[in-house]
> 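The structure is given below, and queries will be raised subsequently.
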Amino acid sequence: MARRDHSFICQSCGAVYARWQGKCEACGAWNTIAEEVAVAASVPAAQRSSRKGRAVVLEKLEGTAKPAPRLVSGIGELDRVAGGGFVPGSILLIGGDPGIGKSTLLVQASAALATGGQRVVYVSGEEAVDQVRLRAQRLGLEKADVGLAAETNAENIIATLSGGPPVHMVVIDSIQTMWSDSVESAPGTVTQVRTSAQLLVRFAKQTGACVILVGHVTKDGQIAGPRVVEHMVDAVFSFEGDGGHQFRILRAQKNRFGPTDEIGVFEMTGRGLSEVANPSELFLSNRDAGAPGTAVFAGMEGTRPVLVEIQALVAPSSLGTPRRAVVGWDPNRLSMVLAVLDARCGVRLGGHDVYLNVAGGLRIGEPAADLAVAAALVSSLTGAPLPADAVYFGEASLTGAVRQVSQAPARLKEAAKLGFAGAVIPAGGLDGVEAPVAVTAVSSLAELVAGIAARAPRRPAMRETRSPSGRDATPRAVAHADWPEDEGR
Ligand code: TYD
Ligand code: MG
């Protein structure tokens, strides 16, 4: 009898099983299935009567009531990612590694909104009131009129918020610590987190308060515990960065009220997070211009151009399967660029270890980085430094052609603003727009490779490359004439 009230739920994705098993078939995670007391039917008995449904009034898309204005914190980078401020009645989730600065960001946002006259409540489930106060003091924000509570029970929180004048914004730090009386599972389990989140979603929709949930992130970058929470909220932001760098990036992964490709850039200082208005300057500082293997990529993050240095290191490998290590870019994309360089340009890297790094800790998702990556790889292989004052962008196709990418004029304008004099871009990408820098148009990767090889101080190591099987790779015809002469072989 009692057994039927128990179910086995994957703590990672929320899939439900009748009995325990080692691996969750839904998300593939191991050892994430835990026994939980089943949720009582979510609709209370009183509402489950056999009455007929009540007809609701259908509305027009065009309403007469003016929507409530967005809550603008004044922290520009945060407001932009949110789509121009927080929407009243919305609920959003901010995920990030421990110690990345989520609490700091939200204390600063709370204080900014409270100073702007909004009623803000900050509920900490992880820290005591004194600890939150200490942080506020350190940030110089202790004067801001923010309501503070250390509480983990969702019903208590909602009761607190419902009494008194309406609240505009509530921060719940973090959702994993919340629990509800209505379910019996232990705090932190999927059922508890989901139920607490549901209660808070209902509170947000009913009262028009904006609720911000903090969520922890697992090693592989997913918001820990239930992915289900991601479906329940209006927006999911991730706060990224790594311990070795002082800057942090807020990225929208889902946003029902704004764009999802915007980023906000912050710098962690001794007095909290400060906004970085011009990220390119930050990412290009400490550049080792003139060293082989580095190329500046002119990328776009949402509506903003961002210049960043791509570093490649290509070294002969002693391993049977050479190493491919990538930081900040998609490893599959690197494999693709390597394959295209091999098949279409005769650049053989099968016997080399390849390391690729996006300087400064930025993570790039754009295929437009292909050209910059290829340039950095060939530059490292040949020892030919790329021109220090040129930027690169363009997408590589499997045929070896270089494809046009969007927003070329904006990328070039940013490059000119930061003092770059040249750009290597896909042919025809400008559509007749006059470029603010000297443009070298390339239509294929082979053309790019030829251009770099012409600058090589030493004979490129390409034709020495042995295939992993140990047999000499057949020398290949290289698709250009000005390749340095093969001497001594
Ligand atoms: P925190 O906001 O507590 O991270 P999270 O809530 O994401 O776990 O930030 C903790 C880190 O931020 C901590 O390592 C110290 C650093 N920090 C600063 O460098 N300057 C500051 O002013 C503050 C408040 C924190
Ligand atoms: Mg915290």
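Counting convention: from 1, in listed order, for ligands and their atoms alike.
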> List the closest protein heavy-atom neighbour of atom 4 (O) of ligand 1: residue, atom name, distance to the nearest 0.1 Å.
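Of the protein heavy atoms, G101 N, 3.1 Å lies nearest.
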> For A368 and F297, work out which heavy atoms get closest and say how close.
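Of all heavy-atom pairs spanning A368 and F297, the closest is O-CE1, 3.3 Å.
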> Can you spot which of T160, L161, I91 makes a side chain to side chain contact (heavy atoms under 4.5 Å, CB included) with V170?
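The passing option is L161.
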> Is there side-chain contact between V167 and V120, with at least one heavy-atom pair below 4.5 Å?
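With C-beta onward as the side chain, the pair stays apart.
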> Just heavy atoms, cut-off under 4.0 Å: does P98 contact ligand 1 by side chain, backbone, both, or neither?
backbone
> Provide the protein N, O or S atoms situated under 2.8 Å from the Mg ion (ligand 2); waters are not included.
S103 OG
> Please list the nearest protein heavy atom to atom 3 (O) of ligand 1 with its residue and the distance rounded to 0.1 Å.
R135 NH2, 2.7 Å
> Is ligand 1 less than 4.0 angstrom away from at least one heavy atom of G96?
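Under 4.0 Å: no for G96.
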> If the cut-off is 4.0 Å to any non-hydrogen atom of R271, which atoms of ligand 1 fall inside it?
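By the 4.0 Å cutoff, the relevant atoms are 22 (O).
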> Salt bridge check, E281 against R287: does any charged N sit closer than 4.0 Å to a carboxylate O?
no
> Does some side-chain heavy atom of V121 sit less than 4.5 Å from a side-chain heavy atom of M169?
no
> Would you check if there is a donor-acceptor pair between the side chains of N255 and D234 at a distance under 3.5 Å?
no
> Who's the nearest protein heavy-atom neighbour of atom 7 (O) of ligand 1, and how far?
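Answer, as residue, atom name and distance: K102 N, 2.8 Å.
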> Please list, in number order, the atoms of ligand 1 under 4.0 Å from a heavy atom of L139.
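In order of number, 22 (O), 24 (C).
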> Give a yes or no on whether the backbone of F420 and the side-chain of D389 come within a donor-acceptor separation of less than 3.5 Å.
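No; zero donor-acceptor contacts below 3.5 Å.
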> Write out the residue and atom name of the closest protein heavy atom to atom 20 (N) of ligand 1, then the distance separating them to 0.1 Å.
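The closest one turns out to be T269 O, 2.8 Å.
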> Kindly indicate whether a cation-pi arrangement holds for R248 with F266, taking the cut-offs as under 6.0 Å to the six-membered ring centre and within 45° of the axis.
no
> Could you tell me whether the side chains of E155 and S180 share a donor-acceptor contact shorter than 3.5 Å?
yes
> Using ring-ring contact (aromatic ring centres under 6.0 Å, His included), reason through F247 and F283 one step at a time and then give a plain yes or no.
CA-CA 10 Å; F247 60 86; F283 293 129; 4.8 Å; yes
> Distance to 0.1 Å, residue and atom name: give those for the protein heavy atom nearest to atom 10 (C) of ligand 1.
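It is G99 O, 3.8 Å.
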> For ligand 1, indicate whether the residue M268 contacts it via side chain, backbone, both or neither (heavy-atom separation under 4.0 Å).
side chain
> In the protein, what heavy atom is nearest to atom 22 (O) of ligand 1, and what distance, to one decimal place, separates them?
G272 N, 2.7 Å
> If you compare all heavy atoms of E275 against all heavy atoms of G76, which two are closest, and at what distance to 0.1 Å?
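Reported closest heavy-atom pair: OE1-N, 3.1 Å.
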> Salt-bridge test for R133 and E142: reply yes if a basic N is under 4.0 Å from a carboxylate O, no otherwise.
no
> Please list the nearest protein heavy atom to atom 15 (C) of ligand 1 with its residue and the distance rounded to 0.1 Å.
R138 NH1, 4.6 Å
> Which residue holds the protein heavy atom closest to atom 2 (O) of ligand 1, what is that atom called, and what is the gap in Å?
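Protein heavy atom with the smallest distance to atom 2 (O) of ligand 1: T104 OG1, 2.6 Å.
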